[in-house]
Amino acid sequence: MLPVNEFSEEMAKRQNFELIEIVNSQPNDYLPEAISAAEFELRDRNLSDELYHNAEQELQHRQAVVLNKAQAPLQNTWKWVIFLMPGFATMMISGTLKADGYDRRYKEALRWSLYGIIFYVTLGILALVIFAWIEV
C-alpha cells in the first residue's frame, strides 16, 4: 500500500496496542495526520477480533503500570535522607523521579526537601537567638 502521509512509515513500525492508543487518544495528543496514519495502519493490518482484544488488553496493562508508577509513594528512608540533606542534590533527585514518571515521589521529595530547609533555617535562627541571649 502507498503511504498516506509522512507518519505512515512510523506507524507501520508500531505495535498493535500503540496504534490503538493513538487512535483512541485525545484529539490534542497527536497531530491529525498521525492519527489518520494509525487508523490506516490498523485497517491495513486487518486484525482479527482476538488480536484486537489482545492488543487492547496489552494497552490497558501498560496504562495500569504507568498509573501505578505515578502513584507510588516515596519510601521513608528517602524522606529522611532528603529531609536531612535538602538542597541541590535532592532537587536533582526530584527531577529524575519526575522524568521517570514517579509523579507522587517527585512531589513528596520536593515537600521533604522544603521541610528540611525550613528545619535548618529555624535551627539557625534559634541558634542566633540563643547566642544573642547568652551574650546579654
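- Residues Tyr115 and Met91 fall within the same hydrophobic cluster, defined by Ile, Leu, Val, Met, Phe, Trp and Tyr side chains chained together at heavy-atom separations under 4.5 Å.
- To the nearest 0.5 Å, the span separating OG on Ser48 from CG on Asn54 amounts to 7.5 Å.
- Taking CD of Glu108 as the start and CZ of Arg105 as the end, the distance is 9.0 Å to the nearest 0.5 Å.
- In terms of modelled atom types and a separation under 3.5 Å, the side chain of Arg104 and the main chain of Ala70 share no donor-acceptor contact.
- Looking at every heavy atom in both residues, Ala72 comes nearest to Tyr102 through CB-CD2, 4.3 Å.
- Annotation: side chain to side chain contact (heavy atoms under 4.5 Å, CB included) contacts of Ile93 (sequence neighbours excluded): Trp78, Leu97.
- Side-chain atoms of Leu114 and Pro86, non-hydrogen and from C-beta on, never get closer than 4.5 Å to each other.
- Within a 6.0 Å radius of NZ in Lys107, other residues, nucleotides and ligands contribute 12 heavy atoms or fewer.
- Ile22 and Arg14 make their closest contact through CD1-NH1, 3.7 Å (heavy atoms, listed as atom of the first residue, atom of the second, distance).
- The distance from the CG atom of Leu59 to the CD atom of Gln15 is 11.0 Å, given to the nearest 0.5 Å.
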Taking it one step at a time, do Ile20 and Tyr52 satisfy side chain to side chain contact (heavy atoms under 4.5 Å, CB included)?
CA-CA 9 Å; Ile20 292 170; Tyr52 193 87; 3.7 Å; yes
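- The hydrophobic clustering, which links ILVMFWY residues whose side-chain heavy atoms are closer than 4.5 Å, places Leu123 and Leu84 together.
- Hydrophobic clustering (side-chain heavy atoms under 4.5 Å, transitive across Ile, Leu, Val, Met, Phe, Trp, Tyr) groups Phe119 together with Ile82.
- In this structure, NE2 in His61 is found 15.5 Å from CD in Glu56, a value given to the nearest 0.5 Å.
- The shortest non-hydrogen separation linking Ala55 to Phe17 is O-CB, 3.2 Å.
- Closest of all the heavy-atom pairs between Arg45 and Ala12 is NH2-O, 3.1 Å.
- How far CG of Asp29 is from CG of Asn24: 11.5 Å, rounded to the nearest 0.5 Å.
- The aromatic rings of Trp112 and Phe83 stand perpendicular to each other, their planes meeting at an angle above 60°, with 30° marking the opposite boundary.
- A donor-acceptor contact shorter than 3.5 Å links the side chain of Ser94 to the backbone of Thr90.
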Glu21 and Gln63: CA distance, side-chain angles, deciding distance, side chain to side chain contact (heavy atoms under 4.5 Å, CB included) verdict
CA-CA 10 Å; Glu21 179 180 34; Gln63 288 172 338; 4.2 Å; yes
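- The 12-atom threshold is not exceeded at CG of Asp49, counting heavy atoms of other residues, nucleotides or ligands nearer than 6.0 Å.
- The two residues Asn16 and Leu47 come nearest to each other via the heavy atoms ND2-CD2, 3.5 Å.
- By the rule that hydrophobic residues join a cluster once side-chain heavy atoms approach within less than 4.5 Å of another member, Ile125 and Ile117 end up as members of one cluster.
- Here the closest non-hydrogen pair linking Met11 and Glu41 is O-CG, 3.7 Å.
- Remark: side-chain polar atoms of Ser36 are not paired, donor with acceptor, to backbone N or O of Pro32 under 3.5 angstrom.
- Using a 4.5 Å heavy-atom threshold, the side chains of Ile35 and Phe7 count as separate.
- No donor-acceptor distance shorter than 3.5 angstrom exists from the side chain of Glu135 to the backbone of Ala132, with no hydrogens or angles considered.
- At least one donor-acceptor pair under 3.5 Å links the side chain of Lys69 to the backbone N or O of Asp100.
- Both Met85 and Tyr120 belong to a common hydrophobic cluster when Ile, Leu, Val, Met, Phe, Trp and Tyr are linked at side-chain heavy-atom distances under 4.5 angstrom.
- Under 3.5 Å, the side chains of His53 and Gln57 contain a donor-acceptor pair of N or O atoms.
- Looking only at distances, no side-chain donor or acceptor of Asp44 sits under 3.5 Å from a matching main-chain atom of Phe40.
- Rounding to the nearest 0.5 angstrom, the gap separating the OG1 atom in Thr96 from the NZ atom in Lys98 is 13.0 Å.
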